[in-house]
Structure formats: structure tokens, C-alpha cells
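Here's the structure we're looking at; comments come further down.
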Amino acid sequence: MFRTLSNHRSPLPISPQLRVSQTTTMFARGAARRISQLRHVLWRSPSQATTRSFSTALNYHIDTPDNNAEIQWKFSDDNSAKVKEILSHYPLNYKQSAVIPLLDLAQQQLGGWLPVSAMNEVARIIEVAPIRVYEVATFYSMFNRAKVGKYHLLVCGTTPCMIRGSRDIEEALLKHLGVKRNEVTNDGLFSVGEMECMGCCVNAPMITVADYSNGSEGYTYNYYEDVTPKRVVEIVEMLRRGEKPPPGTQNPNRIKAAPEGGNLTLLGEPKAPPCRDLDEC
């Protein structure tokens, strides 16, 4: 038995149920505040509209006037034929395997982004619950859940490109276009984002241009390698004029991924092994 001093009162015990209730209430209030903040951002005027950074950073959807499940969306007649062709690549009981190419086709038709109504239509076609499509669209950075420019410029931000000056490339683009990362220019032509490793590190730094200016029929996705701050601005202005800059290396002294100035090794035919059977060599 514990002895209690007359001038000291022990606190009343708190039941586990009460503790759980208090914790739940605390988290609910925090979530409500966060959602309220997001709604304030998402419902701003078009000139202050949320950018793609919100789209790819969040794994949940908040309705906006131009992005909600009440808006009906369908593939065009031409793309409906492409949908059938895509589905023909998979067994009937594995339609869900077509989710990525169908989302990509929908994004092309919509000019570079995926509203929730398009995701719902893809879910209907491949006969899965919509959440299965949302999971894919929120996982892959290739899918944009907010509007982008007709020319969506992506700067590689992985280590080799960063060492070779990718931050200067991005700064030159943002300054020239007068936008922040993931914002769209007032004319709707350009937006600038970042992508991790584009897989051409030998030609760092590089950007890619997703061209949605002609819908799904004229969609292109081109790499521009060995770029400089001056060269990316030139590429932007060529696109603005409707020209098609030649993709690949932008260094006139290189051929594709070959060393600048020409090969220094493998200048002739490689020597054959002394015999075919290596065990007898």
C-alpha cells in the first residue's frame, strides 16, 4: 500500500480509451487544418493557380472547377481505335496491364495532364476500381496531375547533370520565361519542371521537351543533350516560332555519345581471342 501525503493529491488515472480519443481528435484537427490550407491554395484565381509541384507531391485529390469526377471525359474517335489496339496486346483477363499506355494516351489527348475524370475512364475501360489507376498516376512522375505548357521542359537534376551545370540550365530557362519551377507561362506555351535521371549521363547536362502542341497525333518527347544556358534559350525560341530543334547532342564537335573530337580508343578492328576454346588457351 502506498502512503499519500495529506497535502498531495494524485492525478486521476486516464483510461486507454480516453487517450485514444484525445490522440484521434488531435490528428483530426491537424488534418482539417492542412486540408483547409490546400483548399485555399487550390481555389485561387487562375493567375495564382496551383502548380504541378502540388500535383506530384500529394497522393490525394481535391476537387477544383476543372478537375472533378462530375466532368465527363472520353477518348476521341481516333484514340478509341488506339485504345482497342493497345488492349489487343494483353489477354482479356489482364486488361489492367494496359493502365500505363492508356494513361499516357489520355494525357496526350488532354495536352499534357491527367484530370480525375480521365483516370476514371481508364479504370472503366480496364475494369478495375478507380483507386488502382490513381495509384499508378500518383506514383510515376511522367503523369502530370495539373496543367502544363504545350511545351513541357524537364531539366535533369541527377548528380552527373548537376555537376555539369543543370542548375544553371534551369535558372536560365526560368529567368527567360519569367516563371517559377512547375508554373505555366501566361500564353500557355511553356512550363519547366525537373526530372530525375534521363539515362544519358555521358552527354550531361540535358533537358527533355514533351511537345503537346499538336495533341496525341503529333506528340513528341525529345532529348536535348550537352546543352548550355545559351543553347536552351535558343531551343525555347525555336519552339516558340514553331520550329523543331534537332534533338540529341547540341555540341557540334560530338557525334551522338562519342567523345568530343572523335574516338581515342577502338580505332581499328579489335583483336580476336587466340583460340575459340578458352579452356585450351
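Atom CG of Asn120 sits about 9.5 Å away from atom CD of Gln72, to the nearest 0.5 Å.
Under the salt bridge (Lys or Arg N to Asp or Glu O under 4.0 Å) criterion, Asp187 pairs with Arg240, not counting sequence neighbours. Residues passing the salt bridge (Lys or Arg N to Asp or Glu O under 4.0 Å) test with Asp168, sequence neighbours excluded: none. Partners of Tyr151 under the ring pair (Phe, Tyr, Trp, His ring centres under 6.0 Å) rule, at least two apart in sequence or in another chain, are Phe190. Checked against side chain to side chain donor-acceptor pair (under 3.5 Å), Gln250 has the following partners two or more places apart in sequence or in another chain: Arg231. Residues satisfying the salt bridge (Lys or Arg N to Asp or Glu O under 4.0 Å) criterion with Asp104, sequence neighbours excluded, are absent altogether. Tyr224 pairs by the ring pair (Phe, Tyr, Trp, His ring centres under 6.0 Å) definition with nothing, not counting sequence neighbours. For Ser117, the side chain to side chain donor-acceptor pair (under 3.5 Å) criterion is met by no residue, not counting sequence neighbours. In terms of the side chain to side chain donor-acceptor pair (under 3.5 Å) criterion, Glu70 has no residue partners (sequence neighbours excluded). With sequence neighbours left out, Glu243 forms a salt bridge (Lys or Arg N to Asp or Glu O under 4.0 Å) with Arg241. Residues passing the ring pair (Phe, Tyr, Trp, His ring centres under 6.0 Å) test with Tyr223, sequence neighbours excluded: none.
For the ring-ring contact (aromatic ring centres under 6.0 Å, His included) condition, no pair includes a residue of residues 78-124, sequence neighbours left out. Under the salt bridge (Lys or Arg N to Asp or Glu O under 4.0 Å) criterion, no residue pair touches residues 149-162, with sequence neighbours excluded.
A side chain to side chain contact (heavy atoms under 4.5 Å, CB included) with Ile169 is found for exactly one of Val192, Leu153, Ile207, namely Ile207.
Arg145 and Asn67 are not linked by any side-chain donor-acceptor pair at a separation below 3.5 angstrom, with hydrogens and angles left out of the test.
Ring-plane geometry between Tyr219 and Tyr221 is classed as tilted, the angle between the planes lying from 30 to 60 degrees on a 0 to 90 degree scale.
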